[in-house]
There are 4 protein chains.
Amino acid sequence: MPPQSPSRLTARLESLRPAASTEKPGDKTAKPKGAREVRSAARKEAILAAALEEFSTSGFAAARLEDVAKRAGVAKGTIYLYFADKEALFQDLAREMLQPLVAHVENFATIDLPFPALADSMIDVMTHELLGTRRQDIIRLILTEGPRFPALAEFYYREVLSKIFAAIGQVLQRAVDRGELRHKALIEFPQLLAAPMLVAIMWNSVFGAISPLDAKAMLKAHVDIVLNRGDA
Amino acid sequence: MPPQSPSRLTARLESLRPAASTEKPGDKTAKPKGAREVRSAARKEAILAAALEEFSTSGFAAARLEDVAKRAGVAKGTIYLYFADKEALFQDLAREMLQPLVAHVENFATIDLPFPALADSMIDVMTHELLGTRRQDIIRLILTEGPRFPALAEFYYREVLSKIFAAIGQVLQRAVDRGELRHKALIEFPQLLAAPMLVAIMWNSVFGAISPLDAKAMLKAHVDIVLNRGDA
Amino acid sequence: MPPQSPSRLTARLESLRPAASTEKPGDKTAKPKGAREVRSAARKEAILAAALEEFSTSGFAAARLEDVAKRAGVAKGTIYLYFADKEALFQDLAREMLQPLVAHVENFATIDLPFPALADSMIDVMTHELLGTRRQDIIRLILTEGPRFPALAEFYYREVLSKIFAAIGQVLQRAVDRGELRHKALIEFPQLLAAPMLVAIMWNSVFGAISPLDAKAMLKAHVDIVLNRGDA
Amino acid sequence: MPPQSPSRLTARLESLRPAASTEKPGDKTAKPKGAREVRSAARKEAILAAALEEFSTSGFAAARLEDVAKRAGVAKGTIYLYFADKEALFQDLAREMLQPLVAHVENFATIDLPFPALADSMIDVMTHELLGTRRQDIIRLILTEGPRFPALAEFYYREVLSKIFAAIGQVLQRAVDRGELRHKALIEFPQLLAAPMLVAIMWNSVFGAISPLDAKAMLKAHVDIVLNRGDA
DNA sequence: AATGAATGAGCGTTCATTCAT
DNA sequence: TATGAATGAACGCTCATTCAT
């Protein structure tokens with residue numbers, strides 16, 4: 001007997017499908033944004049930033065919208081001008097934060113480098129774009145709250161994970177074809193490639209204070225193992 | 001691949017509990033328990049079992065003590081006879097569930113087998129004793145609620161993780177010494193060995209409904225990679 | 001018997017409004033209205049019409065000014081340019097709608113017809129001018145919200161009811177004097193004459209969907225009883 | 001777009017059907033009520049009484065549950081031990097208050113008296129059992145809130161009005177058959193008989209302070225008119 | 001005059017915790 | 001011990017009202 005009804009979530013999920021942005025960058029007829037609109041967009045960002053902070057610190061259930069508002073420098077009611085409810089705020093936050101990540105990863109599939117070089121480079125990107133940024137908090141939140149937000153999990157799977165895995169799959173296939181990679185199983189289980197990343201995120205959020213983890217070094221070690229490199 | 005039937009889980013949970021009461025019936029030094037004490041201990045166990053179920057399903061914040069009480073077949077107030085408050089119940093639960101885990105793993109350090117055989121055996125144990133049992137839920141809960149329960153995270157780190165890692169460290173060191181394992185880095189980052197396990201746990205709780213993951217196959221693939229085995 | 005189509009109602013409402021502006025185009029003493037003033041008056045009317053609709057549908061407390069504004073095609077703030085607050089809007093609405101009613105009824109006192117003919121004619125007027133129009137909603141609202149708006153109740157009593165009852169009193173007295181009516185008590189209790197009208201209004205708003213009431217037939221039956229007519 | 005969903009109301013309506021009371025008055029096995037139960041029943045009554053007061057004064061929407069609680073001498077949360085929500089409290093209140101009224105009226109159908117005597121007696125009963133009691137407030141509330149609570153209106157129609165009208169119908173039919181009553185139309189429109197009652201209720205709640213109405217005298221006058229009595 | 005974004009007081013509802021029985 | 005009725009602080013959300021533009 002979960003608190004929220006699945007139907008409401010499913011309904012909202014529909015709205016998670018990437019809306020076709022009718023305003024293209026080069027659109028000449030687009031009127032310049034008025035101060036109103038700029039202010040409004042800034043407020044929305046402020047609320048999202050505050051929500052990220054509060055959700056990260058307290059989790060979805062324990063985060064108080066009043067604190068989000070206070071942190072964003074707006075009144076409680078203002079949140080509801082931009083988001084339908086607490087749940088929508090959370091989902092919009094996740095979408096907003098993760099969308100750019102996908103583009104980054106998909107980019108890798110197009111780069112034609114030897115796999116080892118590509119892997120090292122991917123570690124750099126992940127280290128900079130994920131670890132230590134707010135995005136890792138979002139991923140943690142999705143894993144943390146996912147079981148109670150099936151729609152969010154589905155969105156994340158559909159819009160983020162499946163795309164990332166598809167891109168990784170291409171890269172790996174190419175590497176195998178070129179004889180740069182022995183382990184075909186990685187194509188079937190791309191999770192194995194991502195696992196250390198996940199562990200780094202969880203570790204540092206849970207045990208970081210007790211025993212910090214050098215995530216980059218660990219990721220490098222992982223690549224070495226996958227490539228059966230180094231250490232010798 | 002639905003999570004699993006509650007009855008099986010409860011049965012399994014029962015088998016986890018005896019570890020706590022080390023006294024056997026014939027134990028001379030133990031004063032015989034009165035019916036009162038037996039009943040009392042049984043109640044505490046019932047509450048813990050119910051709490052595990054509820055916390056696993058709803059998370060700490062959303063779990064309702066009323067539901068825990070109902071599931072345990074006691075009154076709401078009774079919980080407070082055994083646990084100071086909701087937080088204490090959660091922490092006690094985690095502690096009680098984790099204690100037996102350590103023994104299991106430390107056991108491995110004493111087994112003198114070739115590393116590949118040991119690794120395969122470890123996968124079997126993990127698959128049967130962790131995946132698909134309520135123990136995985138406890139681990140998920142610690143990762144999930146850890147940031148909000150520093151004391152619990154510290155306890156887990158000190159009493160469980162550090163011991164497990166120490167044991168793993170011994171095993172790995174021996175394997176390296178014997179030339180059964182190339183990658184010394186694993187000794188520094190035992191997390192890399194555990195990562196796929198963690199991913200399997202999280203994946204199936206978050207995305208299991210969307211796209212189930214064959215955890216055992218993935219773990220096998222991981223060992224193959226670490227040992228630079230197979231696939232060819 | 002669905003309430004009625006909004007379009008018809010709106011049209012009818014329009015025809016109610018002119019009563020407020022007594023100045024005719026050729027009125028010399030009136031300074032000619034600028035386009036500004038005309039627009040302004042039109043807006044006020046639009047707001048009143050929208051308010052009538054919303055208050056009728058939802059009651060005073062549940063009616064939302066945002067919905068009133070939307071229906072009137074103005075912004076929320078605009079309402080406050082014409083009315084001090086929600087309560088004032090409601091009271092102004094009631095006053096504006098009721099003013100024309102009185103003239104109608106007072107007219108009857110001046111018609112010199114035999115009472116039975118007058119009564120039958122009154123039923124026709126009531127049926128067409130009250131039942132099924134938005135006027136009945138205003139009356140319902142006054143009865144419904146009256147206890148919480150003493151000032152409105154007093155206004156209604158003073159400006160509408162007492163005048164209507166005075167007019168009815170004259171008619172009845174004449175009928176009694178002429179021997180057309182036995183029951184002098186009606187002069188003391190004109191409510192008895194109006195009661196079926198009131199019941200028709202309330203019935204159809206509350207139970208209309210369950211069991212529609214043929215108001216006109218009921219009113220006719222009532223007159224028959226009062227005049228001790230028919231049926232035989 | 002009414003505030004509450006009809007489905008929820010319809011669902012609740014099911015529960016309005018008179019539950020078969022399994023405990024009959026003469027039930028020997030019924031254990032005497034403990035102090036607990038007595039206190040509990042008293043509390044429920046206190047809450048209902050307080051709710052009646054608050055709903056009567058403020059209407060459903062404007063009544064504050066905090067005030068109900070305060071008036072009942074309980075905490076806000078206590079209300080929710082006895083009633084699912086504000087709406088259920090309102091509906092239970094209506095049911096509780098009106099159920100006894102029906103029995104009263106149905107009783108009349110069994111009394112074999114000349115119609116004039118019966119009518120006079122009915123006025124007495126109504127005057128004592130309805131006018132000036134809390135029950136008139138309930139009836140006013142049902143008429144007032146009915147349009148927004150279709151389930152309540154339906155309940156009132158089914159459980160109260162239809163039964164009362166059926167009983168009145170029998171009485172009237174007998175009166176017509178015996179030649180004690182001319183106006184057969186009353187059988188078709190029992191509302192005409194009840195109309196003055198309704199007017200008395202509404203009048204005194206809305207205009208009682210401005211101009212009190214002698215309800216009993218008015219009802220008597222109405223019976224005189226129906227019977228074409230008196231005045232002469 | 002007109003707008004509508006912003007405000008924040010207010011209320012229904014939940015649930016951990018207490019305590020009389 | 002055990003109960004579960006009672007409590008009341010807390011929080012999500014609404015909406016009348018304000019005010020900068």
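Naming convention: chains lettered A, B, ... in sequence-line order (proteins, then strands); numbering from 1 in each chain.
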For this session: Indicate, with a heavy-atom threshold strictly under 4.0 Å, whether C/L65 touches base, sugar-phosphate, or nothing.
Result: sugar-phosphate

For this session: Could you state the atom-to-atom distance from CD1 of A/I79 to P of F/dC13 in whole Å?
Result: 10 Å

For this session: Name the nucleic acid region contacted by B/A84, choosing base, sugar-phosphate or nothing; use a 4.0 angstrom heavy-atom cut-off, strictly under.
Result: nothing

Exercise. Partner of F/dT21 by Watson-Crick or G-U wobble geometry, both contacts under 3.5 Å, or none?
Worked result: E/dA2

Seminar exercise, completed: When both distances are under 3.5 Å in a Watson-Crick or G-U wobble arrangement, the nucleotide paired with F/dC15 is E/dG8

Seminar exercise, completed: Whole-Å distance, B/L89 CG to E/dT17 C1', equals 14 Å

Problem set entry | Heavy-atom donor-acceptor pair, A/K76 side-chain to E/dT7 base, under 3.5 Å | no

Exercise. Counting any heavy atom closer than 4.0 Å, what does D/K86 reach on the DNA or RNA strands: base, sugar-phosphate only, or nothing?
Worked result: sugar-phosphate

For this session: Would you indicate whether the side-chain heavy atoms of D/F83 and D/Q91 approach each other to under 4.5 Å?
Result: no

For this session: Would you please confirm or rule out a distance under 4.0 Å between OP1 or OP2 of F/dA5 and any side-chain N or O of D/S40?
Result: no

Problem set entry | Cation-pi geometry met for C/R95 and C/F155 (6.0 Å, 45°) | yes

Seminar exercise, completed: Of D/A63 and A/G73, the one whose closest nucleotide on DNA chain E sits nearer the 5' end is A/G73

Exercise. Which residue, A/T78 or C/G77, contacts DNA chain F at a nucleotide closer to its 5' end, judged by nearest heavy atom?
Worked result: A/T78

Problem set entry | D/Y82 OH to E/dG12 C1', straight-line distance once rounded to whole Å | 20 Å

Seminar exercise, completed: Between CZ of D/R39 and C1' of F/dA6 the distance, given in whole Å, is 9 Å

Seminar exercise, completed: Residue pair C/R64/D/A75 against DNA chain F: nearer the 5' end by closest nucleotide is D/A75

Exercise. What is the distance from NZ of A/K70 to P of F/dA10, rounded to the nearest Å?
Worked result: 12 Å

Problem set entry | Rounded interatomic separation in angstrom, taking NZ from C/K44 and P from E/dA1 | 12 Å

For this session: May I ask you to decide if the ring planes of C/F90 and C/F55 are parallel, tilted or perpendicular, using 30° and 60° as cut-offs?
Result: perpendicular

Exercise. OP1, OP2 of E/dA1 versus side-chain N and O of C/R43: anything below 4.0 Å?
Worked result: no

Problem set entry | Closest listed nucleotide, where the reference is the side chain of B/Y80 and the choices are F/dT7, E/dT3, E/dA16 | E/dA16

For this session: Looking only at side-chain atoms of B/D85, point me to the closest of E/dT17, F/dA10, E/dA2.
Result: E/dT17

Exercise. When the nearest nucleotide of DNA chain E is assigned to C/V74 and to A/V74 on a heavy-atom basis, which residue is associated with the more 5' position?
Worked result: C/V74

Exercise. Contact class for A/A61 (heavy atom, under 4.0 Å): base, sugar-phosphate, or nothing?
Worked result: nothing

For this session: Mind calculating the distance between CG (A/L81) and P (F/dT14) to the nearest angstrom?
Result: 11 Å

For this session: Could you go through the side chain to side chain contact (heavy atoms under 4.5 Å, CB included) check for D/R64 and D/K70 one step at a time?
Result: CA-CA 10 Å; D/R64 301 169 60 233; D/K70 205 169 290 171; 5.7 Å; no

For this session: Could you check if a side-chain atom of D/D137 sits within less than 4.5 angstrom of a side-chain atom of D/R134, using non-hydrogen atoms only?
Result: yes

Problem set entry | B/L152 vs B/E145 side-chain heavy atoms within contact, under 4.5 Å | no

Problem set entry | d(CD, D/E66; P, E/dT13) in whole Å | 14 Å

